[in-house]
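What follows is a set of notes on a single structure, which appears directly below.
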Number of protein chains: 2
Amino acid sequence: MKKRDPIKKVRLLDVARVAGVSPGVVSQVLGKGRSNSRASAQTAARILKVARELNFSPDPSARRLRGARSNLYGVLVASAGDPLVSFLVEHLDIEAMKGGCHTLICNTIGNTALAPDQFDYHVRELLHQGVDGVFCAVHEWFGGNRRELVRLHPNTVFYDDPGIPGTCHVSIDREAAGRLAVRHLFERGCKRIGIALRGLSRPKQAARLKGYRAEMSACGLGTDNALVFNGEDFRSAIPVCDERGERWDFPCVIGIRVVDALVRDGGADGIVAPDDFWASVIIRQLRARGIRVPGDVAVVGYLNHYLSDWIDPPLTTIGRCPDEAARRMVRMMEQMVKAGPLPEGERAVLIQPKLIVRQSA
Amino acid sequence: MKKRDPIKKVRLLDVARVAGVSPGVVSQVLGKGRSNSRASAQTAARILKVARELNFSPDPSARRLRGARSNLYGVLVASAGDPLVSFLVEHLDIEAMKGGCHTLICNTIGNTALAPDQFDYHVRELLHQGVDGVFCAVHEWFGGNRRELVRLHPNTVFYDDPGIPGTCHVSIDREAAGRLAVRHLFERGCKRIGIALRGLSRPKQAARLKGYRAEMSACGLGTDNALVFNGEDFRSAIPVCDERGERWDFPCVIGIRVVDALVRDGGADGIVAPDDFWASVIIRQLRARGIRVPGDVAVVGYLNHYLSDWIDPPLTTIGRCPDEAARRMVRMMEQMVKAGPLPEGERAVLIQPKLIVRQSA
DNA sequence: CTGAAAGCGCTTACAG
DNA sequence: CTGAAAGCGCTTACAG
């Protein structure tokens, strides 16, 4: 049971020997994007040819030891398996790869054998690994010292504003999400459009309400408090949804409360749901009462979660465009890695969400 | 717009200086799991103390240059966002982390700007990065030269048998999955249990059928060809589902064909579906015909996909235990990294799937 | 039990 | 335009 022979690597020295030049020249020619200030065009061409023939690629460890960047980015997520973040994780990698970089995934929860939360551990570990920067998409309700993250990794880009002044972040325009949903329902002929919110004390939910109100006015529908459902008013009736587990018992009672308040009492013919999960239980409850979707009441979700395709009827929802978010996050990162801190005004990027029409509205 | 000052790192040399010993001793003491064959117990203790106080952690690049392992594993997946693989990706990282290792995610599709398929590119890139091994969970229907992968990375562990002799792989016991589903339906009182299969020409589907038949006999239900639906018999009627896109149009006609064949013609009161997607469209079709689930016909899925919780009624299904699979994959990997190739008999691991009861059966 | 030195593969001043 | 040399931070024979 002996170890295998490692595959022999071709070194820069080998290229130099074959090309008949010194290592320094090879390094210069292959390095800095061909600014051949050193070798003659002829020599450079020869070196390039030999390097290609020998299939040479410089050892990243040796380069890093000399101070080169690692071309590695850390990705902090609570749980990479969660479909709500997994597409962001995927697209961060795809975008990083376009710049020749790789992503190192770090799940901050899940390793309960070690500790309930590995955020801070990973922050130090990534520093040790010498990453060029860190993407942080750990939702605010999870632990972790974000100030320390930013201190140790100045090149950090957050998904969603962490509330720390001066940080770089990419967020979804929740106000626009509210407007898009209302506009679509209005165009589908809805006259009394209600909105359900998890809790108005949260800034993101408040932004959605703001967008909802603005678009209601723009559509000439005015506003009616009977059409605004605030989950916090029912706190005692609605168990807390911790959203941390791989599977969890979603409080289906939400569907009952929302349909009671908005449809039975408020007479709504359209509902803007706070997310696809709520939309899903709302639709189930409507069906249970013999109310047709979208015939009697149309429902628009938010997230474009994987499940949107599979509930019945398939859910019309607002997508957050994780590919676009990843693109912007990587772009910010690359700017920081190359040129240092971004100007104040360029540290916050707002992504425009997108309406995805299926059948529920 | 100038670059930031990098955070000053503490080197082994600093530790040596403070502790008043030479670097070699420090290296020896901090290195090999405290087999202090070099320093006296006193010196060792002093060095350890200083190292801790200075918060020293050795530069991985320098170590690697001297031949140490990278503590990095590559993870090849078609698309890390896909919920079918994202949990495996997450648990591979969690398990690797327990051994002090990190995972480097590689999406083999998605970067169409580069090429339709980046499998082979990533295989070379991971070699270049010097990973200690590679986990490959790219589904068989995607491209990529797996033989070359195994040649360049002898330490490769596959999720599902790639059909290359001698490789290490962890698979789900599909026969057991078939048995579990039948047993549960039988215990719920079903008398005529049908099975739907995507296509019998696929070995994994054939294994499920084998398990189904075995358990039907064990339950004393015998077998009836009218209760076996083979998707390949309806190839012309069922459009190909490519499963590659983030969203795709699932052929809902499958639901019609399956319900026609198994329920209308076969008189089934229980259905074993090939996966949760099929189960979902089958249930939708049953409802459309006024057939109650699970009252009239019970349905069991396979995968325990995220959507299982959200369809109506929530789906009873067979889970593949991605955490267990990841645990075994990492264990195999660690053995190979430490001691070289595994004995012939230990290269294939079968994971026992698990019945997850919700409401559809 | 401990130190001085060589070297992993690369890059980058410094000479010529 | 090119070469020889030093050095990044560590480990590991080789001396003492």
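Because the structure is predicted, anything quoted here is derived from the model rather than measured. Each chain gets a letter, A, B and so on, in the order its sequence line appears, and its residues count up from 1.
Rounded to whole Å, atom P of dC8(C) lies 7 Å from atom CZ of R11(A). Atom C1' of nucleotide dC1(D) and atom CD1 of I47(A) are separated by 11 Å, given to the nearest angstrom. At whole-Å resolution of the value, CZ in F56(A) and P in dG9(C) are 11 Å apart. In this entry the distance linking CZ of R17(B) with P of dT2(C) reads 19 Å, nearest Å. In this entry the distance linking CG of D59(B) with C1' of dC8(D) reads 9 Å, nearest Å. Residue Q42(B) contributes atom CD, which lies 11 Å from atom P of dC1(C) at whole-angstrom precision. The CG-P distance, from L13(B) to dC8(D), rounds to 9 Å in whole Å. Rounded to an integer number of Å, the gap from CG of L30(B) to C1' of dT11(D) is 12 Å.
The nucleotide whose nearest atom lies closest to any side-chain atom of S22(A) is, among dG3(D), dG9(D), dT11(D), dG3(D). When distances run from any side-chain atom of L65(A) to the nucleotides dC10(D), dT2(C), dC8(D), the shortest one goes to dC8(D). Nearest to the side chain of R66(A), among dG3(D), dT11(C), dA6(C), sits dT11(C). Distance from the side chain of L12(B) is smallest for dT11(D) among the nucleotides dT2(D), dT11(D), dG9(C).
Between S61(B) and the phosphate of dC10(D), there is no side-chain N or O to OP1/OP2 separation shorter than 4.0 Å. The side chain of S27(B) places no N or O atom within less than 4.0 Å of a non-bridging phosphate oxygen (OP1 or OP2) of dT12(D). Contact check, R63(B) against dT11(D): a side-chain N or O comes under 4.0 Å of OP1 or OP2.
A donor-acceptor contact under 3.5 angstrom links the side chains of D132(A) and S70(A), judged on distance only. For the residue pair T103(B) / D93(B), a side-chain donor-acceptor distance below 3.5 Å is found, with atom types taken as modelled. For N71(B) and R69(B), the side-chain atoms include at least one donor-acceptor pair closer than 3.5 Å.
Side-chain contact between M332(A) and V170(A): present, with at least one pair of heavy atoms (C-beta onward) separated by less than 4.5 Å.
Nucleotides of DNA chain C nearest to A62(A) and V21(B) differ in position, and the one nearer the 5' end is that of V21(B).
Of the charged side-chain nitrogens involved, at least one lies within less than 4.0 Å of a carboxylate oxygen, so that E148(B) and R151(B) count as a salt-bridged pair.
Here dA13(C) sits opposite no nucleotide as a Watson-Crick or G-U wobble pair (both hydrogen-bonding atom distances under 3.5 Å).
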